[in-house]
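Comments concern the structure below.
Quick caveat: nothing in here was measured; it's all calculated off a predicted structure. Heavy atoms only: backbone and side chains are in, while hydrogens, waters and symmetry mates are out.
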2 protein chains.
Amino acid sequence: MTKRVTSFDVAKLAGVSRSVVSAVLNGTPGIGVSEEKREAVLKAIQELNYQVDAQARGMKTGRSHCIAAYGNVSNPMFLQVLEGMQGACAAHGYHVLLYPSSKEPQHTIDGLLDLYLQRRIDGIVALDRPHQANEAWIRQLVKHRLPYVSVEGYPHHEEVPSVLMDYQESIRRALDFLWGNVGLPPVYVEMHHGAHTLGWGDQQRREAYELWMKEHGLQPRIAAASADLSWEEGAEHWKRCIQEWGLPTAVLTNWSRGAVYVSRAAQMMGVPVGEQLHVMAADNTKRIHEYLYPSITSMEVPYREMGSAAAERLVEYIEGRRPYEDKSTQWLPAILAVRQSVATVSS
Amino acid sequence: MTKRVTSFDVAKLAGVSRSVVSAVLNGTPGIGVSEEKREAVLKAIQELNYQVDAQARGMKTGRSHCIAAYGNVSNPMFLQVLEGMQGACAAHGYHVLLYPSSKEPQHTIDGLLDLYLQRRIDGIVALDRPHQANEAWIRQLVKHRLPYVSVEGYPHHEEVPSVLMDYQESIRRALDFLWGNVGLPPVYVEMHHGAHTLGWGDQQRREAYELWMKEHGLQPRIAAASADLSWEEGAEHWKRCIQEWGLPTAVLTNWSRGAVYVSRAAQMMGVPVGEQLHVMAADNTKRIHEYLYPSITSMEVPYREMGSAAAERLVEYIEGRRPYEDKSTQWLPAILAVRQSVATVSS
DNA sequence: CTGTTAGCGCGTTCAA
DNA sequence: TTGAACGCGCTAACAG
């Protein structure tokens, strides 16, 4: 066990005072350092393998160079966002601290604020909307001027900067792709839960579909379907739909499950998916499309890019390069993943 | 923007010295605090919403109360482990810092050691074996007495404590389940890559299969198969196998993919999976079994439990409750996930 | 222009 | 129960 190396040791070995060591490391303006001394310091640092004590530095500067990732740890998508955050943070010398959203008492949303008050983190990227607390929580944020960016959070909110997927654009891209490759007017399959209430994103999608069809002089065809059917009911339902649509047909579904169901029903009927029936999903929340057969072409939510953009932006707030008052929303396009369920024209 | 609240403020409001504030918070032995002073302090803390500055505390105590999770951020399994770590850490007042394993220069394995030298972390849970560096890396660990626990890492290694799945036990449990429910002698499907080299875990599995069959007076039947076949080749191969085995049959596969292939081939032949052909996987690395139809019964690698056990153990090292010299390996059983691809007897 | 000294930040801990 | 020192790095003020 080697004892800790401090700036004092480095200074002694290099024959300078500790302030010079600090100046060399941080390029402090106001403290000039001659070339030879600078090199002596660098050499001593190398030799002793000196590492600045992060706690001591943080205490002085008031920055921990850590940001919290607040989210649902059992959601696989979360990992994508983390990956993106990680990349952006590393590029700026920040670290990512995990803070799961859960109902357990040790992980309340106030605990997250405490982390900031304890100076353990410099800001937060949230990948989950704080449930209950909502407005009260947001007031806390603003009161403490806590740097905060939400992923997939609050579109158009006055007080919370967000990074979101551009749902409309993603539908347009999907339709362009389908139309360009198979040249058939796409049917829109709209899955929903229970009482037929659409989320904000699904409303956007539907609007975009209707507009796109209009622009192309095509008649919209929308097949709404509950996601709560049993396997048997579902299978029957989708077989009937396929017969109704006729063949060949192109289909775009709002949720990933829709594409799976349609594809499966087609297979049971002996209809070759990717030839007579072209299926595409507007998202891939279960991340299973590539493992299915045939694998399903889809628009992928750009989680990694969203995480990266959010972290990037958070660092701007922290380092004062972006004013705290800028709460604008940032929109990212979905990513087209070409797979087997749609025939492609060879260029 | 409220100014930071320090222990000084609390002391003043409570009419005591700062050391008393500290003693109340930490229960310092050797500093007695009368009941009324203690309450005055607590009240002042509440009132001012005082939070200890983590950096200042850490600087003094030499502990950051952070542990690093080193792993491959693009591996979905990683998230499970994180979830487990998170739970155990929270229970002991620790935080989880993410450190991805990657080839990028900002995330070398030495960077991980530096984190420790900088006192940013108190220890490491590794979910990925540091590639190249191996022996050199382990020497570094030992040299600095860095608390370190590996998940799925180095079975039986002298210098690195590990948490692993008990492969043999998982096979036994799977076979017990199959045998108990369908009463057919299970065929073992052994997938492998290229040159037919089995990993350590797969060797364990095979041994366990052979032994179990012997103990039950059954003739082992092993079908080895390359995972590198094309879809068409694979389909042909598995159809032939199913014909060869005859019906009804029970099948246990070492990898999750094997079960998917067999199941798919059966469906193409019109053989009802879960009735005439019972399929089970010994792992579920792609985590898609529950989304397939029929969903596939499998033994699930207990990633969450492994993460939890690893973190728990790391904290023991850090807090000196377990000697650094204890490098023993810890084995965890796989978890049986009953799904549709195997018929179950109703109790 | 180069470099030093002294004091600070904040909580912990030991001697009194 | 408390005052004072300490841990480690940063930086304003100051001197060569």
- Heavy-atom contacts, protein to nucleotides 10-16 of chain D, under 4.0 Å, summarised as B (base), S (sugar-phosphate only) or - (none) per nt, yield BB-----
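Between the P atom of D:dG9 and the CD atom of A:Gln51 lies a distance of 11 Å, rounded to the nearest Å. If you take CE of B:Met59 and P of D:dG9, they are 8 Å apart, rounded to a whole angstrom. Between the P atom of C:dC10 and the NZ atom of B:Lys12 lies a distance of 14 Å, rounded to the nearest Å. We find that CZ of B:Phe8 is positioned 14 Å from C1' of D:dT2, with the value rounded to whole Å. Atom CG of A:Asp9 is separated from atom P of D:dG7 by 12 Å (rounded to the nearest Å). Whole-Å rounding puts the B:Ile45 CD1 to C:dG11 P distance at 10 Å. Between A:Glu36 atom CD and C:dT2 atom P there is a gap of 11 Å when expressed in whole angstrom units. Rounded to whole Å, atom P of C:dG9 lies 12 Å from atom CG of B:Asp53.
The stretch residues 111-119 of chain A comes close to DNA chain C through A:Arg119, each having a heavy atom under 4.0 Å from the strand.
For the side-chain contact (heavy atoms from CB on, under 4.5 Å) with A:Leu117, the lone residue among B:Val52, B:Asp53, B:Asn49, B:Val5 that qualifies is B:Asn49.
Taking each heavy atom of A:Val160 and A:Tyr154 in turn, the nearest pair found is CG1-CD1, 3.8 Å. Scanning both residues, A:Tyr303 and A:Met77, for their nearest heavy atoms gives CE1-SD, 3.3 Å. A pairwise comparison of heavy atoms in A:Leu332 and A:Ala309 identifies CD2-CB, 4.3 Å as the closest pair.
By the 4.0 Å N-to-carboxylate-O rule, B:Lys327 lies close enough to B:Glu159 to be salt-bridged with it.
Counting only N and O atoms by type, the side chains of B:Asp122 and B:Ser64 include a donor and acceptor under 3.5 Å apart. Checking B:Gln55 against A:Gln55 by side-chain atom types alone, no donor-acceptor pair falls below 3.5 Å. Using modelled atom types and a 3.5 Å distance limit, the side chains of B:Arg313 and B:Ser328 yield a donor-acceptor pair.
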Pairs under 3.5 angstrom only: tabulate donor-acceptor contacts from the side chains of residues 82-97 of chain A to other protein residues two or more places apart or in another chain.
| unit_1 | atom_1 | unit_2 | atom_2 | d |
| --- | --- | --- | --- | --- |
| A:Gln86 | NE2 | B:His107 | NE2 | 3.4 |
| A:His92 | NE2 | A:Glu312 | OE2 | 2.7 |
| A:Tyr94 | OH | A:Glu319 | OE2 | 3.0 |
| A:His95 | NE2 | B:Arg120 | NE | 3.4 |

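Close to C:dC10, at under 4.0 Å from its OP1 or OP2, lies no side-chain N or O of B:Thr6.
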